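The shown structure was predicted, so the numbers you read here are calculated from the model rather than taken from an experiment. Residue numbers start from 1 in every chain, and the chains themselves are labelled A, B, ... in the order their sequence lines are given, proteins ahead of strands.
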Amino acid sequence: MTTRPMPADSRPEHIDAILAGLDRYNPETVSTFQDYVQYQCENRTYDALANLALLKLGVVKDEHSSQRFLLPERGSNAPQHEANTTVFLNLTTRIAIAFSFPVVMVYQFNPHLTKEETITNILVKALTIFPSPDFSLCLHLLPPNILDAATATDALSDAVRKLTTLNELIESGSYREFWVAYESDDLYADLVADCAGFEDTMRDAIALQISMIAREVSKELAQGWLNVSAEDLPEVITRLGWTIEGDKVKLPINKENEAKTTVFRENVQFNQFHNVIRRGFEQAV
Amino acid sequence: MMNGGVSRLAHEDDSDDEVLATTLVEAMQEDEGDYDDVSVSGGIQVTGDDLQARLAAAATPLEFQAGLPARFQSYDNYCSLFHFILNSDGPVDLELPTYYWAWDVIDEFIYQFNSFCTYRQRVAKKAQNEEEIQILRENPQTWGCYSVLNVLYSLIQRSHMNEQLAAIKAGQDPNEVAGEYGSRPLYRMLGYFSIIGLLRVHCLLGDFTLALKTLDDIELNKKAVFAKVMAAHFTTYYYVGFSYMMLRRYADAIRTFSHILVYVSRTKNFQKNSQFDSITKKNDQMYALMAICVALCPVRLDDTIHATLREKYGDQFTRMQRGGPESLPIFEELFLSACPKFISPIPPDFDNPENNVDPSQHHLKVFMNDVNNTISTPVLKSYLKLYTTMDINKLAKFVETDAETLRKQLIVYKQKNRQLRWTEGSLLEGELMHTSDLDFALQGDIVHVSEAKVGRRLVDWYLRNLQRAY
């Protein structure tokens, strides 16, 4: 199942404009994207496409960044560059650049240059919208050895691996184990600190999954899955619109948990009888 | 619903026979062209026309064993050629050697980029050839991802290709937005195939979402321009299918692979030529990917496809369908044999050879997370099918696990049973649909199983008999 809590039309216009054009590769947009991730964290929204674009994008301070080239049709709104550095396809440096922005590298290419918190924040946000595959899609964009504990020993790789563990638990439906793992390491609290209401968001997302598979669960199970104490359970249950009966938690019936056997009836269109009816008229005449 | 998918598939395959025929004729004409091409590039500069020779050379495959100097040389050649095409004063007036030349150039350009990256990765990992390491270290920009993306984007932009395609979609005349460059066949074809090239490059870099988004303006069907060049047709579907698979939209991946595989199986008798040989390998790869997808998301397949799948990967397919931990190595094996040669986006770390993990291994690892999860569902489904209500402990015994693990498997089953499925619009869009007709709900420890059945179809029968009554 995939959820898109952030439909494209509620994306701020300036972000949309960047994503639609070539500016998605422009290093000058990095800070805009970073602010936008921050905004998502604070406002509990989520925008997969923008975050994936940021993971690709980064600034390079490399020796070639002074080599620029202007394409005529984009010249008007592009940043002004020094004319004398406009060398396209200078064969001695072998750079083929035809955009109107400096030689930039996709973030993918230069892992050490973008803010680490932004990356972990994006991953944390992607966690909250399980079971959609966004977390994995982000992982695909990170450096190939990031999951390899033997060679990638930096703090970022370590944090990414920690979050991956959480993701594996949540994706395999091991909700109780997810909370246990989450609380077992203080690092997690640091990682999710920027993301407002992380625990509540996860709890609600898990509750949604429960409501899809069950009409009734034991109190004990619900407590483990939602990670709430016995005293707090009634409050949470009420907030979710569920009810407690004895040692059971009852969930209202919805489309997903009714599990009703349905028979698809044939959909008969009037057009199918077109010929029959015409025939009837023809014979009458 | 599953049945909806099957019927749509059948419909797709039955239509467009006419288009299929024209494409075939063209494919055969192309074949003749192929030999001309070889003779041109074989006898160097026969025509004496330097430019024509360069154009032909750009579309000529680099030798597999080519060393670094040849690869650098080739990069320079591409640079000067694209520089000439993009940055001359105004559009270049060129006669194309062949009309599918544009595809060959883009294809070969990306292929060389890909193989250069693989080569560089290998040199860095072995860390033996000091001389090559030194050259590569000093030239990080040669065959850089950014340069390649740049060329592709520039070609698209120059030709106003996205605007043209949008106009075609809206039923307007593309020439109105084509501009000075885009109205010429050279730029139009290069621009168009650059979009397909971008799909491929994004996929090779692991950005599967953007890969599919690139095709926003292209409609995937047999009438599309790329369908006129067999290799382009084939490549497009391979990368689209693969991207869908990585997005876990297995039903869409299967639909995509089926479409092209059916097409190939129908036309293979007409295509006994070199172009066809080159796609045989990709063909097998797609069957392997198809086997993976079907094992993860069982759907009914086209009969020919199913038969060929069994023939090629029968043993592996059965074992993957059976699931369980012993099937995991098979998933890995098939994935690695069938995935594109992924590119590591960063230049390799020459100082620490052990840091250069093969990007395929990284993508495999991430992909296997999902396989690990999904692998229990086929078995579970086979038991659910037999009952309408059942105690969870009893079911746990059947699938040889405990109630707690089973609950997790049920949660996963439910989630995997709902997949985004493309219906219309851009490739990334889709509606949430059930992939299986079996569903369930838990009531305490009782599992209630439900099934979505298709009722009898009466109208056809009724109409047929009515006809007979006249």
Which heavy atom of Pro131(A) sits nearest to which heavy atom of Arg248(B), and what is that distance? O-NH1, 4.4 Å

Part of Leu458(B) within contact of chain A (heavy atom distance under 4.5 Å): both

Please check this pair: side chain of His362(B) against backbone of Leu139(A), looking for a donor-acceptor N/O pair closer than 3.5 Å. yes

Please classify the contact between Val459(B) and chain A as side chain, backbone, both or neither, with a heavy-atom cut-off of under 4.5 Å. both

Checking side chain to side chain contact (heavy atoms under 4.5 Å, CB included) for the pair Glu168(A)/Asn372(B): CA distance, chi angles, key distance, verdict? CA-CA 10 Å; Glu168(A) 280 166 19; Asn372(B) 255 322; over 6 Å; no

Check each atom of Leu221(A) against the heavy atoms of chain B and say whether the ones under 4.5 Å are side chain, backbone, both or neither. side chain

Should we count CD of Glu258(A) as having more than 12 external heavy atoms under 6.0 Å? yes

Phe135(A), part contacting chain B, at a heavy-atom distance under 4.5 Å: neither

Do Leu147(A) and Val366(B) come close enough that some side-chain heavy atom pair is under 4.5 Å? yes

Whether Lys414(B) and Glu256(A) form a salt bridge (side-chain N of Lys/Arg under 4.0 Å from carboxylate O of Asp/Glu) is what I want to check. no

Please state whether the side chain, the backbone, both or neither of Phe440(B) comes within less than 4.5 Å of a heavy atom of chain A. both

Result of checking Asn373(B), Asp370(B), Asn369(B) against Ser172(A) for side chain to side chain contact (heavy atoms under 4.5 Å, CB included): Asn373(B)

Taking all non-hydrogen atoms of both residues, which atom of Asn145(A) and which atom of Val357(B) are closest, and how far apart? CB-CG2, 3.2 Å

Chain A heavy atoms under 4.5 Å from Glu138(B): which part of the residue, side chain, backbone, both or neither? neither

Taking all non-hydrogen atoms of both residues into account, name the closest pair between Leu247(B) and Pro133(A) and its distance. O-CG, 3.5 Å

According to the interplanar angle, ranging from 0 to 90°, do the rings of Tyr462(B) and Phe273(A) count as parallel (below 30°), tilted (30 to 60°) or perpendicular (above 60°)? tilted

If one checks every heavy atom of Ser174(A) against chain B at 4.5 Å, the contacting part turns out to be both

For a 4.5 angstrom cut-off between non-hydrogen side-chain atoms, does Trp225(A) reach Ile411(B)? yes

Is chain B contacted by the side chain of Gln269(A), its backbone, both, or neither, given a heavy-atom distance below 4.5 Å? neither

Heavy-atom nearest pair, Pro359(B) first then Pro144(A), reads CA-CB, 4.0 Å

Note, Lys213(B) side chain near Leu49(A) side chain (heavy atom, < 4.5 Å): yes

